[in-house]
There are 2 protein chains.
Amino acid sequence: MSEADHNTEHEILEAAKKVFIRKGLDGARMQEIADEAGINKALLHYYFRTKEKLFESIFTQVLQGFAPCIVAIMTSDLPLFTKIESFADTYIDLLLENPYVPNFLVNENNRNPERFVNMLKGQGVNPNILRDQIKREVEAGIICDITVENLMVNLVSLCVFPFAARNIFCSMFGQNEEEYNMFIRNRKKEIPKLIIGSLQPRPNKPHDSVA
Amino acid sequence: MSEADHNTEHEILEAAKKVFIRKGLDGARMQEIADEAGINKALLHYYFRTKEKLFESIFTQVLQGFAPCIVAIMTSDLPLFTKIESFADTYIDLLLENPYVPNFLVNENNRNPERFVNMLKGQGVNPNILRDQIKREVEAGIICDITVENLMVNLVSLCVFPFAARNIFCSMFGQNEEEYNMFIRNRKKEIPKLIIGSLQPRPNKPHDSVA
DNA sequence: GTCTATACTCTGATAGAC
DNA sequence: GTCTATCAGAGTATAGAC
C-alpha cells in the first residue's frame with residue numbers, strides 16, 4: 001500500500017468513499033467522484049467498469065474498517081466488564097473519526113441485505129464465544145444473567161445511534177456540532193456505567209437482606 | 001379525511017409513502033409510485049408538481065406520526081418511571097408497525113438537515129420540561145441524577161436502533177424475521193428495566209453501609 | 001493510462017387531447 | 001381529472017485519439 005498511496009486507483013477509492021458515504025449509492029454521481037479525485041469520468045470506468053462495482057469496493061472497505069471492534073468483543077478472552085469498557089472507548093473513537101459511516105452502512109445495507117450476510121461471516125463474527133463467556137461469568141457469580149443478543153444490541157445501539165441520529169438530537173437539544181461531540185465523548189464513560197451497572201449482581205437481594 | 005380516503009390524492013400519498021420509505025428520495029422513481037398507486041405518471045405532477053414536493057409531504061406526514069410519542073415523554077406530567085415504561089411500550093409498537101421508518105427518517109434527514117429543525121420545534125418538542133422533572137425527582141430522592149440528553153438518547157437509541165440495524169443484527173445472530181420481532185417485543189420490558197435500574201438510588205451507598 | 005467527445009438510457013416534467 | 005405522447009436534461013457508459 002506504500003507505493004499505491006499516490007496512484008490513481010487509490011485516489012479514486014478515497015474520492016468515492018467520501019461521495020458514497022455522504023450521498024449513498026443512488027445519490028452519488030460519477031462526475032462528482034471524478035471531480036473529487038481530480039480526474040476524468042471515463043477513468044473511473046477504466047478502473048472499476050461500473051458504478052455498482054466501485055460502490056461494492058467502498059462498501060466492503062468501510063465495513064472492514066468497523067469489523068475488528070465487533071470481532072474483538074465477540075472473541076477476545078478479556079473479562080466481560082473490561083471488554084465492554086474497551087469496546088465503548090474504541091468504537092466511539094472510531095465513530096468520531098467516521099461520523100457518517102453508521103448511516104451509510106445501515107442504510108445501504110437495508111437496501112441490499114444480501115451484500116452483508118456473507119461479509120460478516122467472513123469476518124469471523126460468531127456470537128457463540130461471547131455467549132459462552134456470559135454463561136461462565138453468570139455461573140461464577142460475576143454478572144447477572146443476560147442474553148448475548150440483548151447485551152450486544154444494547155451496547156451497539158447506545159454507541160452508534162447517537163451518530164446516526166446526530167442531527168435529530170442536535171436540534172432537539174439545541175446543541176451545536178462541538179457541544180454534541182463533547183456530549184458523545186462523555187458517553188464513553190456513561191455507556192459502560194449504564195450497562196455494567198445493570199449486570200452487577202445486587203448485594204441487596206431479598207435473601208441477602210434476611211440473612 | 002373520511003371522504004378523502006378513496007380519492008386519488010390519498011392513493012398517491014399512500015403509494016409514495018411506501019416507495020419513498022423503501023427507496024429514499026434518490027432511489028424512488030415517479031413511475032414506480034404511479035404504478036403502485038395504479039395511476040399515470042403525469043397525474044403525480046398534476047397533484048404535487050415535483051418529486052421534491054411530493055417527498056416533502058411524505059416526510060412531514062411520517063415525521064408527524066412519530067412526534068406524539070416524543071412529545072408525550074417530553075411534556076406529560078406522569079412520574080418519570082411511568083413515562084419510561086410507557087414510552088418503550090408505545091414506541092416499539094409504533095416501530096413494529098413501521099419498521100422501515102427509522103432508516104427513512106434518519107437517512108433523509110441527514111441528507112437535508114434543515115428540513116428537520118423547524119418541524120421539531122413546531123411539534124412542541126422542548127427538553128426543558130423533562131429537564132425540570134428530572135431535577136425535581138432527583139431532589140425528592142426518587143432517582144439518581146442524569147442529564148436529560150443522556151436519558152433521551154439512551155431511551156431512543158435502545159428502542160430505535162434495533163430497527164435501523166435490523167438486518168445487521170439478524171444476520172449476526174442468525175435469526176429470522178419472526179425470531180427477531182419476538183426479540184424486539186421482549187425488549188419492551190428489557191429497556192425500561194435497564195434504564196430504570198440505573199436511575200434507582202442504590203440503598204447500599206457508602207454512607208449507608210457505615211450507618 | 002488518461003483524455004475528449006459522444007452514444008444511449010433513464011427519468012422528471014410538460015403539452016395537449018379527452 | 002385523467003390519459004397518451006413527448007421533450008429536455010441528467011447520468012452511466014463507451015469509442016477512440018493521444
Side-chain angles (χ1 to χ4, degrees), chain A residues 1-62 100 104 107-108 111-112 114-115, chain B residues 1-62 104 107-109 111-112 114-115:
Chain A
M1 203 219 264
S2 55
E3 62 174 337
D5 274 345
H6 293 88
N7 72 11
T8 305
E9 184 166 346
H10 186 258
E11 295 288 332
I12 292 176
L13 285 170
E14 284 303 298
K17 187 151 93 176
K18 275 188 204 163
V19 176
F20 277 133
I21 285 179
R22 293 218 166 245
K23 306 267 178 95
L25 172 57
D26 294 319
R29 297 290 159 244
M30 293 298 266
Q31 184 61 59
E32 195 178 348
I33 295 172
D35 292 346
E36 179 78 38
I39 56 148
N40 191 278
K41 212 170 44 162
L43 213 47
L44 295 180
H45 289 93
Y46 174 79
Y47 279 94
F48 294 91
R49 259 205 95 66
T50 68
K51 184 186 181 183
E52 192 78 25
K53 284 190 202 305
L54 177 54
F55 181 82
E56 293 279 347
S57 303
I58 301 301
F59 190 81
T60 308
Q61 180 191 328
V62 169
Y100 295 98
F104 170 73
N107 199 62
E108 300 301 331
R111 202 81 84 233
N112 189 349
E114 306 79 44
R115 223 193 314 252
Chain B
M1 203 218 262
S2 54
E3 61 173 337
D5 274 344
H6 293 89
N7 72 11
T8 306
E9 185 166 345
H10 186 258
E11 294 289 330
I12 293 176
L13 285 170
E14 284 303 297
K17 187 151 94 176
K18 275 189 204 161
V19 177
F20 276 133
I21 285 179
R22 293 220 167 241
K23 306 267 175 97
L25 172 57
D26 294 319
R29 296 291 160 245
M30 292 298 265
Q31 184 61 58
E32 196 178 347
I33 296 172
D35 292 346
E36 179 78 38
I39 54 147
N40 192 276
K41 210 171 49 161
L43 213 47
L44 295 179
H45 289 93
Y46 174 79
Y47 278 95
F48 295 91
R49 257 206 98 67
T50 68
K51 184 186 182 184
E52 192 78 26
K53 284 190 202 304
L54 176 55
F55 180 81
E56 292 278 348
S57 302
I58 302 301
F59 189 82
T60 309
Q61 180 191 328
V62 170
F104 170 74
N107 199 62
E108 299 302 330
N109 173 60
R111 204 79 85 230
N112 188 349
E114 307 78 44
R115 223 191 316 250

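Chain letters run A, B, ... following the sequence lines, proteins first and then strands; every chain starts at 1.
Two residues are said to be in side-chain contact when any heavy atoms from C-beta on lie closer than 4.5 Å; A:L44 and A:K51 fail this criterion. The shortest side-chain heavy-atom distance between B:I12 and B:L54 falls under the 4.5 Å cut-off. B:K53 is not listed as a side-chain neighbour of B:Y47, based on a closest heavy-atom distance of 4.5 Å or more.
We find that CD of B:Q31 is positioned 13 Å from C1' of D:dC3, with the value rounded to whole Å. One atom, CZ of A:F48, and another, P of C:dT2, lie 12 Å apart when rounded to the nearest Å. Distance A:K53 NZ to D:dT12 C1': 14 Å, rounded to the nearest Å. Note: OH (B:Y46) to P (D:dT4) measures 17 Å, nearest angstrom. Protein atom CG of A:L25 is 12 Å distant from nucleotide atom C1' of D:dT12, rounded to whole Å. Between the CD atom of A:E9 and the P atom of C:dT2 there is a distance of 11 Å, given to the nearest Å. One can place CG of B:D26 at 10 Å from P of C:dG12, the figure rounded to the nearest angstrom. Look at CG on A:L44: it is 10 Å from P on D:dT12, rounded to the nearest Å.
A:E108 approaches A:G24 most closely through the heavy-atom pair OE2-CA, 3.2 Å. The shortest non-hydrogen separation linking A:Y100 to A:R22 is CE1-NH2, 3.2 Å. Closest approach of A:V19 and A:R29 over heavy atoms only: CG1-N, 4.4 Å.
Within the helix from C:dG1-D:dC18 to C:dC18-D:dG1, the inter-axis angle between the opening and closing five-pair segments is 10°, rounded to 10°.
Residue contacts for A:A34: at a heavy-atom cut-off of 4.0 Å it reaches no nucleic acid atom on any strand shown. Looking at heavy-atom distances under 4.0 Å, A:Y47 makes contact with sugar-phosphate atoms alone, never a base.
Between A:T8 and C:dT2, a side-chain N or O to OP1/OP2 separation shorter than 4.0 Å is present. Phosphate contact (OP1/OP2 of C:dG12, side-chain N/O of B:R29, threshold under 4.0 Å): present.
Residues passing the ring pair (Phe, Tyr, Trp, His ring centres under 6.0 Å) test with A:F104 are A:F55, A:F59, sequence neighbours excluded. With sequence neighbours left out, the side-chain hydrogen bond (donor to acceptor under 3.5 Å, both in side chains) criterion links A:D26 to no other residue. Scored by the side-chain hydrogen bond (donor to acceptor under 3.5 Å, both in side chains) test, A:E56 finds A:R115 as partners (sequence neighbours excluded).
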Protein-nucleic acid N or O pairs under 3.5 Å, nucleotides 13-17 of chain C:
| unit_1 | atom_1 | unit_2 | atom_2 | d |
| --- | --- | --- | --- | --- |
| C:dA13 | OP2 | B:H45 | NE2 | 3.1 |
| C:dA13 | OP2 | B:K51 | N | 2.8 |
| C:dA13 | N6 | B:K41 | NZ | 3.3 |
| C:dT14 | OP1 | B:R49 | NH2 | 3.2 |

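One finds the CG atom of B:L43 at 10.5 Å from the CE atom of B:M30 (value rounded to the nearest 0.5 Å).
A side-chain contact (heavy atoms from CB on, under 4.5 Å) with A:H10 is found for one member of A:T8, A:N7, A:L13 and no other, namely A:N7.
If you check the side chains of A:D35 and A:Q31, you find a donor sitting under 3.5 Å from an acceptor.
Proximity of residues 16-24 of chain A to DNA chain C (heavy atom under 4.0 angstrom from any strand atom) is not detected for any residue.
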